[in-house]
Amino acid sequence: MCLSLDILMAVESKLEQIYEWLLREYGPQGWWPVRCECAESGYHKENFAVPASAKGRWEVCAGAILTQNTAWVNVETVLERLRAQELDDPETLMLCNDSDLAQAIRTAGYHNQKAKSLKNLAQWFLSPGPKTRVDLLSVNGVGPETADSILLYAFHQPSFVIDAYTRRIFSALEIVNMSWKYEKIRTLFQANLPVEIECYKEYHALLVEHAKRYYRKGTSAQCPLRRVLGKNLFDGDLA
DNA sequence: AACCAGGACGTGA
DNA sequence: TCACGTCATGGT
């Protein structure tokens with residue numbers, strides 16, 4: 001009978017129930033974590049802000065590149081260094097030569113690639129005209145997740161971000177399959193959630209927080225969301 | 001001391 | 001199309 005409940009519950013209902021549970025459990029995350037502009041240094045979890053300035057929007061863009069397969073704590077360090085070296089805006093960054101820029105961002109890893117990606121993205125950022133997903137995806141170094149992060153958190157466009165954590169969580173809950181491609185998963189979310197930008201932002205941020213607790217590689221704690229969806233703790237593949 | 005991190009791209013089959 | 005190697009440093 002647990003199985004029948006699982007079948008009867010529509011995807012739409014599941015996605016919303018999971019969101020409500022995460023929000024109650026962890027509270028609003030307030031992503032994207034931009035540096036508080038009134039603070040002299042450091043990132044303040046209490047003061048995450050929506051970037052209102054071009055510089056703030058660019059910080060989201062740069063962070064989206066720098067955090068590719070990289071822990072955010074290392075990105076913070078680099079963003080601070082870029083600010084200290086006055087490379088925290090796209091105009092001056094484009095004037096910097098590749099090797100100097102690579103050195104400035106070295107501690108975030110993949111520095112040679114990311115230096116080029118940042119320059120490519122800076123050119124996109126400064127180019128006139130609407131900021132479209134298609135144009136963004138044509139930038140070398142910007143894949144679908146980076147593109148959606150930028151569109152959602154820097155430009156307030158309703159594009160749901162799918163990352164490795166999202167895949168792990170929802171495949172464990174048997175809502176998506178690990179073999180599904182990025183666009184298919186993104187379409188599933190967008191087709192089954194109200195088109196609300198703030199909800200898109202919160203949802204992705206909450207999923208990251210949840211995954212860090214239950215879905216890191218090497219840990220296999222029982223995910224409490226299984227219960228939320230009415231799954232029997234004794235069935236499934238973890239026995 | 002291996003192993004992982006809020007991926008993306010180029011390559012060959 | 002798609003699986004697989006490569007890119008690289010810092011934290012645990």
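The chains referred to below are lettered A, B, ... by the order of the sequence lines, with proteins before strands, and numbering in each begins at 1.
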DNA chain C: A:N112 or A:V73, which has the more 5' nearest nucleotide?
-> A:N112
Can you tell me, in whole Å, how much space there is between the C1' of B:dG6 and that of C:dC2?
-> 24 Å
Remember a base hit wins even if backbone is also touched, and classify A:R167 as base, sugar-phosphate or nothing at under 4.0 Å, heavy atoms.
-> nothing
Side-chain contact check for A:N140: nearest option of B:dA8, B:dC9, C:dG10 is B:dC9
Would you please classify the geometry between the A:F125 ring and the A:F155 ring as parallel, tilted or perpendicular, with 30° and 60° separating the classes?
-> tilted
Parallel, tilted or perpendicular: ring planes of A:H210 versus A:Y26, cut at 30 and 60 degrees | tilted
Ignoring backbone atoms, test whether A:R216 places a side-chain nitrogen or oxygen under 4.0 Å from the OP1 or OP2 oxygen of C:dG11.
-> no
Nearest to side-chain heavy atoms of A:E145, which nucleotide of B:dA8, B:dA5, C:dG10 = B:dA8
Length of the NZ-P vector between A:K114 and B:dC9, whole Å | 13 Å
A:Q29 CD to B:dG6 P: how many Å, rounded?
-> 14 Å
Within a strict 4.5 Å, meaning less than it, do heavy atoms of the A:I18 and A:I175 side chains meet?
-> yes
For atom CG of A:L137 and atom C1' of B:dC9, their distance in whole Å | 14 Å
Pick base, sugar-phosphate or nothing for A:V139, based on heavy-atom distances below 4.0 Å to the nucleic acid.
-> sugar-phosphate
Rounded off to whole Å, could you give me the CG-to-P distance for the A:L66 and B:dG7 pair?
-> 13 Å
Can you tell me how far P in B:dC4 sits from the matching atom in C:dG5, rounded to whole Å?
-> 16 Å
Salt-bridge test for A:E86 and A:K55: reply yes if a basic N is under 4.0 Å from a carboxylate O, no otherwise.
-> no
Counting side-chain heavy atoms from CB outward, which of B:dG6, B:dG7, C:dG11 is closest to A:N74?
-> C:dG11
Rounded distance in Å - OH (A:Y110) to C1' (B:dC9) | 12 Å
Pairwise P distance for C:dA8 and B:dT11, with rounding to whole Å | 16 Å
Round to a whole Å and report the spacing from CG of A:N69 to P of B:dC3.
-> 16 Å
Between B:dA8 and C:dG11, how far apart are the P atoms? Round to whole Å, please.
-> 23 Å
Does A:G141 or A:T70 map to a spot on DNA chain B nearer the 5' end, using the closest nucleotide for each?
-> A:T70
Hey, is A:Y165 stacking on B:dA5? Ring centres under 5.5 Å, planes under 30°.
-> no
Taking CZ from A:R106 and P from C:dC7, how many angstroms apart are they, rounded to a whole number?
-> 17 Å
Any luck finding a side-chain donor-acceptor pair between A:D148 and A:Y182 under 3.5 Å?
-> yes
CD1 of A:I65 versus C1' of C:dA8: gap in Å, rounded?
-> 16 Å
Across the strands shown, which category fits A:V161 at heavy-atom distances under 4.0 angstrom: base, sugar-phosphate, nothing?
-> nothing
Aromatic ring proximity A:Y203/A:F160, centre distance under 6.0 Å | yes
When all nucleic acid strands are considered with a 4.0 Å heavy-atom cut-off, which category describes A:G109: base, sugar-phosphate, or nothing?
-> base
Looking only at side-chain atoms of A:H111, point me to the closest of C:dA8, B:dG6, B:dG7.
-> C:dA8
